[in-house]
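What's counted below: heavy atoms across the whole structure, side chains too, no hydrogens, waters or symmetry copies. Numbered from 1 within each chain, the chains take letters A, B, ... in sequence-line order.
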Protein chains: 2
Amino acid sequence: MKLTRASDYAIRGVVYMAMQSPGAIVVIPEVAREMDVPVGFLARIFQSLSRIGIVVSHRGKKGGYSLARKPEEITLCDVIEAVEGDIRINTCLNGYSECNRMSFCPVRRELAGVQEDLVKSLQKSNFAELAAREKAHRESRQA
Amino acid sequence: MKLTRASDYAIRGVVYMAMQSPGAIVVIPEVAREMDVPVGFLARIFQSLSRIGIVVSHRGKKGGYSLARKPEEITLCDVIEAVEGDIRINTCLNGYSECNRMSFCPVRRELAGVQEDLVKSLQKSNFAELAAREKAHRESRQA
DNA sequence: TTGTAAGATGATAATATTTGTCATGATTAA
DNA sequence: TTAATCATGACAAATATTATCATCTTACAA
């Protein structure tokens, strides 16, 4: 019942992207430094974010990453699922499972409800809010 | 963002306990067989449940386990936390963390909210309901 | 067209966690 | 005393996590 470090780093990375002006291209070492994340790992993680369409990669010199969507349209759920795959809080919620209790199991049905609640909770917040708060803190520090 | 097998097995085990008449003592191999769980692992898991006070262990001949509380007073959250420890969806929500963003991090605050939602969702359902549904299915099969 | 700065990809490895198993010991009822 | 049960600790296999690195591809700019 825990996020991976990768998800944590991904979220931080997207927060930083969301702080930039729209369309801005940012380079991984900058994101890593600013958000206190191991640079090599973050590079890997951004490739997942790119594959799923949360960021856009720009190859070559002057390359880097930009956001693929508006920060308001990216949720915690989107980023976590990009990194970890779809949220399935129990193996039996995977569609193709082998447990022979599948057809009737009340535990499975209950957990399905919990999973739904969790996903909803993760969809509540978007990265515009998170970026605004991060920005506010930085500006207060600067003053 | 996944339960361990141990949690799944624990939940199934407690469902079976909750199906028994109040105070009944049941033996691990029976629970394991009925709920389709590896017996050795389940034995281990019931010791966690016993330590935390969800079941009571009875040692010696005629021993086994009984429920420590009424099924209505046991939630999914109780059982999962007995097995996995307190739910902390990110390491920084552990109280003692080392991340230097701790003091202000908006990601941390957001995840704290998600964690709270998750715990609430897991506290919604109790084992009286689950046991009733499991029982209903078994009786329909028998007929 | 060449050099350089970026991302893309696959291999590899260290570590941690999960999922068990097993042997041994302690306890208790009969 | 014996048999059935839980308790505990050691161990181990499998899997997942958390990276790192080398090499390749791409694209801009001189």
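Phosphate proximity of C:dT19 to B:Tyr9: absent, as no side-chain N or O sits under 4.0 Å from OP1 or OP2. A close approach under 4.0 Å does not occur between any side-chain nitrogen or oxygen of A:Tyr65 and OP1 or OP2 of C:dA6. Between B:Ser57 and D:dA7 there is a side-chain N or O to OP1 or OP2 distance below 4.0 Å.
Taking atom CE of residue B:Met17 and atom P of nucleotide D:dC6, one finds them 10 Å apart after rounding to whole Å. Rounding to whole angstrom units, NE2 of residue A:His58 and C1' of C:dG7 are separated by 11 Å. Rounded to an integer number of Å, the gap from CD1 of B:Ile45 to C1' of D:dA7 is 15 Å. Distance A:Arg5 CZ to C:dA16 C1': 13 Å, rounded to the nearest Å. For the pair B:Ile25 CD1 and C:dT28 C1', the computed distance is 11 Å after rounding to whole Å. Going from atom CG of B:Leu42 over to atom C1' of C:dT19 covers 13 Å, rounded to whole Å. In this structure, CE of A:Met1 is placed 13 Å from P of C:dT18, rounded to the nearest angstrom. Across the protein-nucleic acid pair, B:Lys61 atom NZ and D:dT1 atom C1' stand 11 Å apart, rounded to whole Å.
Set against D:dT17, C:dA8, C:dG20, the side chain of A:Gln47 has C:dA8 as its closest nucleotide. Which of D:dT17, C:dT19, C:dA8 sits closest to the side chain of B:Thr4 comes down to C:dT19. Picking from D:dT18, D:dC6, C:dA6 the nucleotide with the shortest atom distance to the side chain of B:Val27 gives D:dC6.
Two residues, A:Arg51 and A:Lys62, neighbour DNA chain C, and the one matched to the more 5' nucleotide by heavy-atom proximity is A:Lys62.
Side chain A:Arg44 to base D:dT20: a donor-acceptor pair is found below 3.5 Å. Between the side chain of A:Arg59 and the base of D:dA27, no donor-acceptor pair of N or O atoms lies under 3.5 Å.
Of the possible polar contacts, none joining the B:Arg101 side chain to the B:Cys105 backbone as a donor-acceptor pair under 3.5 Å is found.
Looking at heavy-atom distances under 4.0 Å, A:Ala43 makes no contact with the nucleic acid at all. Residue A:Gly60 is in base contact, counting any heavy-atom pair closer than 4.0 Å across all strands shown.
The shortest non-hydrogen separation linking A:Val27 to A:Gly63 is CG2-O, 3.7 Å.
With 3.5 Å as the limit, one finds a donor-acceptor pair spanning the side chains of A:Tyr16 and A:Glu30. A:Thr75 and A:Asp78 form a side-chain donor-acceptor contact under 3.5 Å, judged by distance and modelled atom types alone.
Relative ring orientation between B:Phe41 and B:Tyr9 is described as perpendicular, the plane-to-plane angle rising above 60° on a 0-90° scale split at 30° and 60°.
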